[in-house]
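Read the numbers this way: they start at 1 and go in the same order the structure lists the ligands and their atoms. Keep in mind that what you see is a predicted model, and the values were worked out from it rather than measured.
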Amino acid sequence: MTAQILDGKATAAAIKSDLTTRVEALKARGLTPGLGTLLVGEDVGSQKYVAGKHRDSQQIGVNSLQRELPATATQEEIEAVVRELNEDPSCTGYIVQLPLPRGIDTNRVLELMDPDKDADGLHPTNLGRLVLNQPGPLPCTPEGILVLLRRYGVEVNGAHVVVVGRGVTAGRPLPLLLTRKSENATVTQCHTGTRDLPALLRQADIVVAAAGVPHLVKPEDVRPGAAVLDVGVSRDENGKIVGDVHPGVRDVAGWISPNPGGVGPMTRAQLLVNVVEAAERSLG
Ligand SMILES: Nc1nc(=O)c2c([nH]1)NC[C@@H]1CN(c3ccc(C(=O)N[C@@H](CCC(=O)O)C(=O)O)cc3)C=[N+]21
């Protein structure tokens with residue numbers, strides 16, 4: 001069997017086309033949404049993602065506000081930019097690209113953000129809203145994964161989803177989304193402390209690999225016909241992306257998200273959804 005491709009690039013393009021109409025409507029009401037990014041340091045991967053986010057924004061008519069600080073920036077300098085973005089009315093949503101340099105208190109920076117401008121859905125208030133089933137911006141990678149599964153008709157209701165990884169942007173919030181009544185999945189969360197990962201993977205209808213370990217999920221660990229989503233963004237010595245899913249999984253799985261071209265573009269699309277929705281909410 002060769003897996004059906006969960007095409008994140010095409011799905012993201014469809015989402016962006018829908019958002020273009022909504023941005024035009026906002027502009028007609030006098031509000032042009034603006035996406036801010038704060039990038040601290042010179043990490044090549046982070047620079048690429050941030051550049052991609054601004055390219056996407058421009059495509060749908062959203063303004064870009066790019067803020068950059070050197071890796072040597074202090075806590076106070078970073079917090080000053082966050083305050084500036086909170087107060088700037090032309091910035092309707094923004095993200096602080098993670099990770100921040102060592103020595104910076106990331107949680108203090110994230111808590112300082114205006115939760116209503118939190119385009120990542122990672123502010124403690126918004127993660128709290130998610131736990132409490134209250135409306136708010138959703139974390140982009142988990143929501144992007146759900147939208148991709150929905151678009152390709154992968155059954156989530158009643159499915160056993162095995163999530164590998166417990167990072168704040170993907171692995172930890174994803175089970176919160178999947179176990180809402182509206183999605184109704186059963187989730188097993190695995191991580192580096194999991195005793196027999198292959199045994200759990202083999203039970204999964206859907207595998208989400210978000211551990212950041214190259215080729216962690218092997219073909220022999222995947223149930224034939226399962227859906228496999230690759231969130232991994234490790235890089236090899238040439239700077240090429242290496243996912244958490246072994247390429248051989250393609251011959252076993254029923255659905256697979258390519259990497260690049262799968263979850264990454266969906267993450268970026270959901271970021272724009274959050275920016276547009278925040279702007280819509282601000283107009284009431
Ligand atoms: N505050 C914050 N929010 C994030 O959402 C966030 C973050 N920090 N830090 C780092 C991770 C990683 N991440 C990616 C986004 C898009 C692609 C993406 O679009 N990748 C392209 C390929 C890009 C390439 O080839 O280099 C693709 O998959 O097709 C990848 C990775 C967001 N992150």
Q) Among protein heavy atoms, which sits nearest to atom 10 (C) of ligand 1, and what does the distance come to when rounded to 0.1 Å? A) Q97 NE2, 3.3 Å
(Q) Using a strict threshold of under 4.0 Å (side-chain N to carboxylate O), is an ion pair present between R180 and E183? (A) yes
Q.
For a 4.5 angstrom cut-off between non-hydrogen side-chain atoms, does D244 reach V164?
A. no
(Q) Please tell me whether T267 and T141 have a donor and an acceptor in their side chains that are separated by less than 3.5 angstrom. (A) yes
Q. Looking only at side chains, do R55 and S64 share a donor and an acceptor under 3.5 Å apart?
A. no
Q | For atom 8 (N) of ligand 1, the protein heavy atom that lies nearest, with its residue and separation | A | L98 N, 2.9 Å
Q) Which ligand 1 atoms does K48 reach within 4.0 Å, using its non-hydrogen atoms? A) 26 (O)
Q. With no hydrogens and no angle check, is any side-chain donor or acceptor of D205 less than 3.5 Å from a backbone partner on H160?
A. yes
Q. Can you tell if the side chain of K117 reaches within under 4.5 Å of the side chain of P137, non-hydrogen atoms only?
A. no
Q. Of all the heavy atoms in P265, does at least one lie under 4.0 Å from an atom in ligand 1?
A. yes
**Q.** Nearest non-hydrogen protein atom, atom 2 (C) of ligand 1
**A.** D120 OD2, 3.3 Å
Q | Protein contact of atom 32 (C) of ligand 1 - nearest heavy atom, named by residue and atom, plus distance | A | K53 NZ, 4.0 Å
Q.
So if I apply the side chain to side chain donor-acceptor pair (under 3.5 Å) rule between Y94 and each of D88, N86, T37, which one comes out positive?
A. N86
Q. Any non-hydrogen atom of K240 lying under 4.0 Å from ligand 1?
A. no
(Q) Need the ligand 1 atom indices (1-based, order shown) with element for anything under 4.0 Å from a heavy-atom of T267. (A) 5 (O)
Q | Polar proximity ligand 1 side, T141 side, N/O cut 3.5 Å exclusive | A | no
Q: Check each atom of ligand 1 against the heavy atoms of R235 and keep those under 4.0 Å away; list them by number with element.
A: 26 (O)
Q. Do NZ/NE/NH1/NH2 and the carboxylate oxygens of R202 and E220 come within less than 4.0 Å?
A. no
Q: Check ligand 1 against G261 and write out every atom of the ligand that is under 4.0 Å from a heavy-atom position of the residue.
A: 27 (C), 28 (O), 29 (O)
Q: Could you check atom 16 (C) of ligand 1 against the protein and tell me its nearest heavy-atom contact, residue, atom and distance included?
A: G264 O, 3.5 Å
Q. When you check the gap from the basic side-chain N to the acidic O, do R281 and D116 get nearer than 4.0 Å?
A. no
(Q) I need the atoms of ligand 1 closer than 4.0 Å to a non-hydrogen atom of P260, numbered in the order shown. (A) 22 (C), 27 (C), 28 (O), 29 (O)
(Q) Within the structure, is a non-hydrogen atom of C140 found at a distance of less than 4.0 Å from ligand 1? (A) no
Q. Which atoms from ligand 1 have a heavy atom of V96 less than 4.0 Å away?
A. 1 (N), 2 (C)
Q. Tell me: protein heavy atom nearest atom 24 (C) of ligand 1, and distance?
A. I241 CD1, 3.9 Å
(Q) Please report whether ligand 1 has a polar contact with V233, defined as an N or O pair separated by less than 3.5 Å (distance criterion only). (A) no
Q: Spell out, as yes or no, whether a donor-acceptor pair under 3.5 Å connects the side chain of D120 to the backbone of P139.
A: no
Q) Does any N or O atom in R268 lie less than 3.5 angstrom from one in ligand 1, N or O only? A) yes
Q | Student check: side-chain heavy atoms of V162 and Q203 closer than 4.5 Å | A | no
Q. Are any of the N/O atoms in Y49 less than 3.5 Å from those in ligand 1?
A. no
